Amino acid sequence: MASHVVGYPRMGPKRELKFALESFWDGKSSAEDLQKVAADLRSSIWKQMADAGIKYIPSNTFSYYDQVLDTTAMLGAVPDRYSWTGGEIGFDTYFSMARGNASVPAMEMTKWFDTNYHFIVPELGPDTKFAYSSHKAVSEYREAKALGIDTIPVLIGPVTYLLLSKPAKGVEKSFSLLSLLGNILPIYKEVIAELKEAGASWIQFDEPTLVLDLDSYQLEAFTKAYTELESSLSGLNVLIETYFADIPAEAYKIITALSSISAFGFDLVRGTKTLDVIKSASFPAGKYLFAGVVDGRNIWANDLAASLGTLEALETIVGKDKLVVSTSCSLMHTAVDLVNETKLDSELKSWLAFAAQKVVEVNALAKALAGQKDEAFFSANAAAQASRKSSPRVTNEEVQKAAAALKGSDHRRATNVSARLDAQQKKLNLPILPTTTIGSFPQTVELRRVRREYKANKISEEEYVNAIKEEINKVVKLQEELDIDVLVHGEPERNDMVEYFGEQLSGFAFTVNGWVQSYGSRCVKPPIIYGDVSRPKAMTVFWSSAAQSMTARPMKGMLTGPVTILNWSFVRNDQPRFETCYQIALAIKKEVEDLEAAGIQVIQIDEAALREGLPLRKSEQAFYLDWAVHSFRITNCGVQDTTQIHTHMCYSNFNDIIHSIIDMDADVITIENSRSDEKLLSVFREGVKYGAGIGPGVYDIHSPRIPSAEEIADRINKMLAVLESNILWVNPDCGLKTRKYAEVKPALTNMVAATKLLRTQLASAK
Ligand code: GLN
Ligand code: ZN
């Protein structure tokens, strides 16, 4: 029985690649230094998998930045603005596309399916010239071979590559990217020929777009591509790998009918229905099934007994020698190695498996199927599963009861939004076009030092509190000077908007090295939600009350919403996600009510990540949106009409979920807008009825550029053309924590000036 791993994290157990990349970019080390770190990482990963007994070890899953960009380099599809003149693509051109250079901005980045990984979007058009320009796949294959390891080279499949591309600047939006298939296949043929020559006997094409809702034209492209490649592929075993969701029956039919393909990889963790598809539609005789039973998206130890049951059932369908045990997707979406977690206790650790441990699990399952079950390993695993089920750390009956009691109610505020806004206005007495900011103010080096020293017990609690209060006071005074209407405290006590709450809630654990690549050299370290969530005590009331006491203007309480906390954490897999979300919602609800009781009249509950939890398949989206929006409403359904609830979202493409956003029933929503105002405002132009307060961001906080007052006034005018002046708020796109005061002060000065200008114009127009 064989084993396989779809892909492996590249960053290294201690983010070695990150530091090597950043040092190279800063000019502090040479290209050779970077290449050396990369080669060492690759060889240690290959050896680790070989030692674990994995039969099909992937190569070309390493990347200096991103695997889609690597494919763009392979195809030579470099946009003209990078002035590349041909030949093998080097670091200069490659990193210019990824990060921009002094004269040209970077290519666009977008989320890789429903993960938190971001890839560089290829820009293609009818004039794009393709040429084989990066031999990375072949050189990595050879590199492993030289180490004595025969790998399975991985390529992004041609159809997925095109489906993830966008029309280049100046190319019609309606341009059919799939029409380029015939242009890129010759390059794939060259790569395949070289891989064969180098000795490869297998090749893996990642075609994850197969799990999306594709139309028949898109599906046909797979048949076209792999039929066209058939003669090049002859003599090779070819694996089509899919992941992140069920494979739809239609797509399954099409790919299993391809004669050039000998193996199919499916995600059996997220794809809960794929098993039924395999059982009911017949599996092609003589072909391999790569069964993704070990979860690549989470950090939990596999339930080996359950997986073994699934595999045994599959074995009767596909045959003993044709079943390969695999991961559900690349392990790059999980943390790297549990060995480096020195702060987690041993019980919790026994419940977890990071990438290195998952490799061992895959092999243990394969051996068990082959009749060589490692009894000790299996029984340790069973004991850990049992302890996780029964541990009092996991279960909190009170929380379970409270969450169960939520059923059957919608949790809506008693009064409708326009009546609430009237009641709030009587109390808050805000000018028309009220101004506010999203929450955080610049995080200075000094602030980070204070937080770090407090955590390390190097300064006393009193010193810490004084330092933070001083910072809040500075931010409050600044906002008063700027004449902003609804103030924020600036979030100086927070390192991260999820971690800050997770650390104070029970049911959360934190890793030291549990990093996951987000994009390029950037990694995130998601908290682990392992148990029922509760809030032992108030989390923000102390700081918000202190801030409110410094000003007569309304001070916004600032919370992270339940859906965002959920979507930016590793979530327990022993209960549905929505149940965990409801528990977090109840904890946040208590905080909202404590803030209200402490006299905070405006409370913002950020849901920056609500959209990114949207399932890939349309058929599952309504259910998600329903419980996500419900969770948000739970947090604030109990407040008085006069308490104003804000929410904030960091994305503008919400046109397709606008009705869910309205259904959140917040009093005011602030939303990113300035990078794509046409897109956002078009919803309202198309006649969607919107009665709550809304603050589409008036300038981009991602850029150091300072917008002029005229430019901001212009933006507000565009908004006034589609939204009533009495619901419009004026604010930046997002929090200011990544900016410098030298940028924030003039930008906000201009924002307030623009608002005042428009107020005068509105008053005289009456
Ligand atoms: N309140 C948070 C801040 O201003 C919101 C951050 C976010 O939306 N990502 O930093
Ligand atoms: Zn934001």
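Ligands are counted one by one from 1 in listed order, and the atoms in each one are counted from 1 as well. This one's a predicted model, so the numbers in the text were calculated from it and none came from an experiment.
Within the listing of ligand 1, atoms 1 (N) sit less than 4.0 angstrom from a heavy atom of M558. Atoms of ligand 1 lying under 4.0 Å from any heavy atom of M497, numbered from 1 in the order shown and given with element: 6 (C), 7 (C), 9 (N). In the vicinity of I438, heavy-atom distances shorter than 4.0 Å reach the ligand 1 atoms 1 (N), 4 (O). Of all atoms in ligand 1, numbered sequentially from 1 with element shown, those under 4.0 Å from a heavy atom of G735 are 3 (C), 4 (O), 10 (O). When each atom of ligand 1 is checked for a heavy atom of C734 under 4.0 Å away, the hits are 7 (C), 8 (O), 9 (N). Atoms of ligand 1 found under 4.0 Å from any heavy atom of C650 (numbered from 1 in listed order, with element): 7 (C), 8 (O), 9 (N).
Ring planes of Y519 and H118: perpendicular class, angle over 60° (limits at 30 and 60°). The aromatic rings of W627 and F623 sit perpendicular to each other, their planes meeting at more than 60°, with 30° as the lower class boundary. Taking the six-membered ring where tryptophan is involved, the planes of Y464 and Y454 are essentially parallel, since the angle between them stays under 30° and well short of 60°. Taking the six-membered ring for Trp and thresholds of 30 and 60 degrees, F113 and F244 have ring planes inclined between 30 and 60 degrees apart.
Under the 3.5 Å distance criterion, with hydrogens and angles disregarded, a donor-acceptor pair is assigned to the side chains of D641 and T415. Using modelled atom types, one finds a donor on one side chain and an acceptor on the other under 3.5 Å when comparing D485 with T435. Side-chain contact, Q583 with D532: a donor N or O sits under 3.5 Å from an acceptor N or O. Side-chain contact check for N513 and R15: no donor-acceptor pair (N or O, by modelled atom type) lies under 3.5 Å.
Put simply, the angle at the Zn ion (ligand 2) from SG in C734 to SG in C650 is close to 120°, to the nearest 10°.
If you look at M649 next to ligand 1, there are no close heavy atoms at all, none under 4.0 Å.
Protein heavy atom in closest approach to atom 10 (O) of ligand 1: S440 OG, 2.7 Å. If you check which protein heavy atom lies closest to atom 5 (C) of ligand 1, you get D606 OD2, 3.4 Å.
Counting heavy atoms from C-beta on, the side chains of T564 and F501 never come closer than 4.5 Å.
The N/O atoms of W568, backbone and side chain alike, include none that comes under 3.5 Å of an N/O atom in ligand 1. Checking only distances, H648 does come within under 3.5 Å of ligand 1, N or O to N or O.
Closest approach between the Zn ion (ligand 2) and any N/O/S atom of H648 involves NE2.
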